[in-house]
Amino acid sequence: MSSTLLEVTRASHEEVERLERLIVKDLQNEPASNKDRLFQSHRVRNMIDTVTSTTHKLVEIYEDSDNARKDEIAALGGQTASGINVFSAFYDRLKEIREYHRKHPVARGVVDPNDDYEALLKEEPPIEFSGEEAFGRYLDLHELYHLYINSKFGEPIEYSAYLDVFAETDKVPRKKKMTRRYREYLENLLEYLLYFFQRTEPLQDFDRIFSKVTSEFEENWAAGNVQGWDNDNQENGHVTSQHTAIDLDYYSSVEELIDVGPERLKEALAALGLKTGGTVQQRAERLFLTKDTPLEKLDKKHFAKVARGSEKNGAGAAPQQDENSKEIALMEAKVKKLCDLLEETIARTKDNVVKKQALTYEEIEAERQEEETQEDTESEDEEQQIYNPLKLPMGWDGKPIPYWLYKLHGLGQEFKCEICGNYSYWGRRAFERHFKEWRHQHGMRCLGIPNTKNFNEITSIEEAKDLWKKIQQKQGVTKWRPDLEEEYEDKEGNIYNKKTYTDLQRQGLI
């Protein structure tokens, strides 16, 4: 009987044991394919989550913060408000049991452990994979690839080459790592890898993995052993870098210092926080002052305005920059860990991309050899150029797709989504599909709005916020309000709501 607290406790324990048996039974079955393995892992993950939530509920019951369990146990012994009356407590409980079964005639008190749960073990949980991911076999990094090649920290390379370098974050110069574009790219990369890993390996303990990564990172960061960041303080201006410093002990006059060149002088002045403008003579004179005079004793007119501003602000800017560097370095460590865990998937993705490219190149080479037997070398070179005046997308064979297919799918129609950061989607199919993809889901999470079907076809941030407010208001109207709907009865039998009854009682009218 779910109406009593003790029955809820018994049913919860039974549910936990039943799910544990199902988990064991499911894991004893060897999946025949990768798809079956994913379904099995997600089924087990869902059952583990249910066990966890049920266990938390049982812990709250046993803690008994409101003494409800204690009172119910006392009532079983016949303790009532008027004293101990075993027979009265027995018949009250019997009446409650009969009333419950009258309302639920098909209810069973105990579930037979021998019941058949084959339907549960054959359940296929919904798992979202794009066509490129081939149900978890390959990574789909095309969007991140375009972010990489169109940024200042990346380089224009092919997609197959990008798969070799996207995890090598330590090769990116530190100055470029501190830019907003790199941070956004790294956040998107980390989010996608984590989302992919959660879909393909749902039984992994992500909190334990990342806690270990974080603890190791903290130790290495404190010791200055983080790869790619070991000399971070020097590049942030705390210590003069070797490639910008000029040893003034080797120069005895300003004329000798001029021979260094204007660019070296400018870099050395900037590293010291001094003004970098003026002629070569003025730069050399300004730098030569630091040979015998400490920086703190120099006239303030020699310092750049930015440097003086940082002095007024104390050490506020440097710790903030150090904190940003630490956050970026931690994200890089997590990306590297996920890449290590997904090493086989990354290798399969590389092989798949190379295989597709090789197939295309073989077909093109076969066509070229066939043309050689029919035409001379000059006409052959002209026909090798792909004629694509309409700039149609390229198909799997390296040729433009048919124009009717281009029009059928509406690939010339552009859809922009403000929630995705004004990202463009070409064609209606790609636009409708993107509402379930990670980029749109990330944008909705940033807005604090659940990504449900109610928000399909909505690409404006303001429209999404307005609809979310209306949904919340509607939920508030249909919500039960005890002050207006809870009923109270006075001695004369008059019925009032809670608010009216409380006001009359306060005024002494009842």
Side-chain angles (χ1 to χ4, degrees), residues 1-16 18 49-111 444 447-455 458 462-510:
M1 283 177 9
S2 60
S3 58
T4 64
L5 193 61
L6 292 178
E7 177 60 24
V8 171
T9 305
R10 186 204 64 77
S12 298
H13 278 292
E14 183 181 5
E15 178 72 7
V16 170
R18 183 177 70 90
D49 292 339
T50 305
V51 169
T52 303
S53 61
T54 306
T55 305
H56 287 318
K57 183 171 66 174
L58 284 170
V59 170
E60 294 178 359
I61 293 175
Y62 284 120
E63 287 177 351
D64 200 16
S65 58
D66 55 355
N67 293 326
R69 183 172 180 271
K70 181 180 179 182
D71 295 339
E72 192 168 322
I73 293 175
L76 290 177
Q79 294 184 12
T80 62
S82 58
I84 299 178
N85 192 337
V86 178
F87 291 102
S88 176
F90 171 78
Y91 284 111
D92 288 343
R93 184 54 57 89
L94 179 61
K95 180 181 178 181
E96 184 180 352
I97 293 173
R98 287 176 175 174
E99 183 67 19
Y100 176 82
H101 283 282
R102 185 183 64 80
K103 294 181 179 179
H104 308 86
V106 296
R108 294 185 298 170
V110 179
V111 178
M444 295 293 284
L447 295 176
I449 301 175
N451 188 26
T452 61
K453 292 183 179 179
N454 297 326
F455 297 90
I458 293 180
E462 291 300 325
E463 290 179 4
K465 289 182 178 178
D466 293 340
L467 179 58
W468 178 234
K469 288 181 181 178
K470 291 180 182 178
I471 292 175
Q472 288 180 316
Q473 291 174 358
K474 186 176 180 181
Q475 290 175 348
V477 170
T478 58
K479 188 177 180 181
W480 183 66
R481 294 169 293 178
D483 57 335
L484 299 179
E485 299 179 14
E486 188 174 355
E487 295 182 348
Y488 283 75
E489 182 180 357
D490 62 4
K491 295 180 180 179
E492 298 178 358
N494 299 317
I495 303 297
Y496 306 95
N497 60 32
K498 181 178 180 180
K499 184 177 183 302
T500 305
Y501 183 84
T502 305
D503 292 343
L504 293 175
Q505 194 176 41
R506 191 182 299 112
Q507 296 173 9
L509 301 177
I510 296 180

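For this chain, numbers begin at 1 and follow the sequence in order. Side chains included, hydrogens not; waters and symmetry mates left out as well; all remaining heavy atoms used.
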Rounded to the nearest 0.5 Å, what separates atom [atom1] in [X] from atom [atom2] in [Y]?
X	Y	atom1	atom2	answer
Thr500	Ile495	OG1	CD1	12.0 Å
Asp64	Ile73	CG	CD1	7.5 Å
Glu63	Leu58	CD	CG	11.0 Å
Ile61	Arg69	CD1	CZ	8.5 Å
Leu504	Asp490	CG	CG	8.5 Å
Ile458	Lys465	CD1	NZ	13.5 Å

Heavy-atom closest pair, residues Met444 and Pro450: CE-O, 3.8 Å
Taking every non-hydrogen atom, the tightest pair across Ile449 and Ala464: CD1-O, 3.8 Å
Under-4.0 Å salt bridge between [X] and [Y]:
X	Y	result
Glu15	Arg18	yes
Lys95	Glu99	no
Lys499	Asp503	yes

Test side-chain contact (heavy atoms from CB on, under 4.5 Å) applied to Asn454 and Trp468, step by step: CA-CA 9 Å; Asn454 297 326; Trp468 178 234; over 6 Å; no
Whether Tyr501 and Tyr488 hold their rings parallel, tilted or perpendicular, with breakpoints at 30° and 60°: parallel
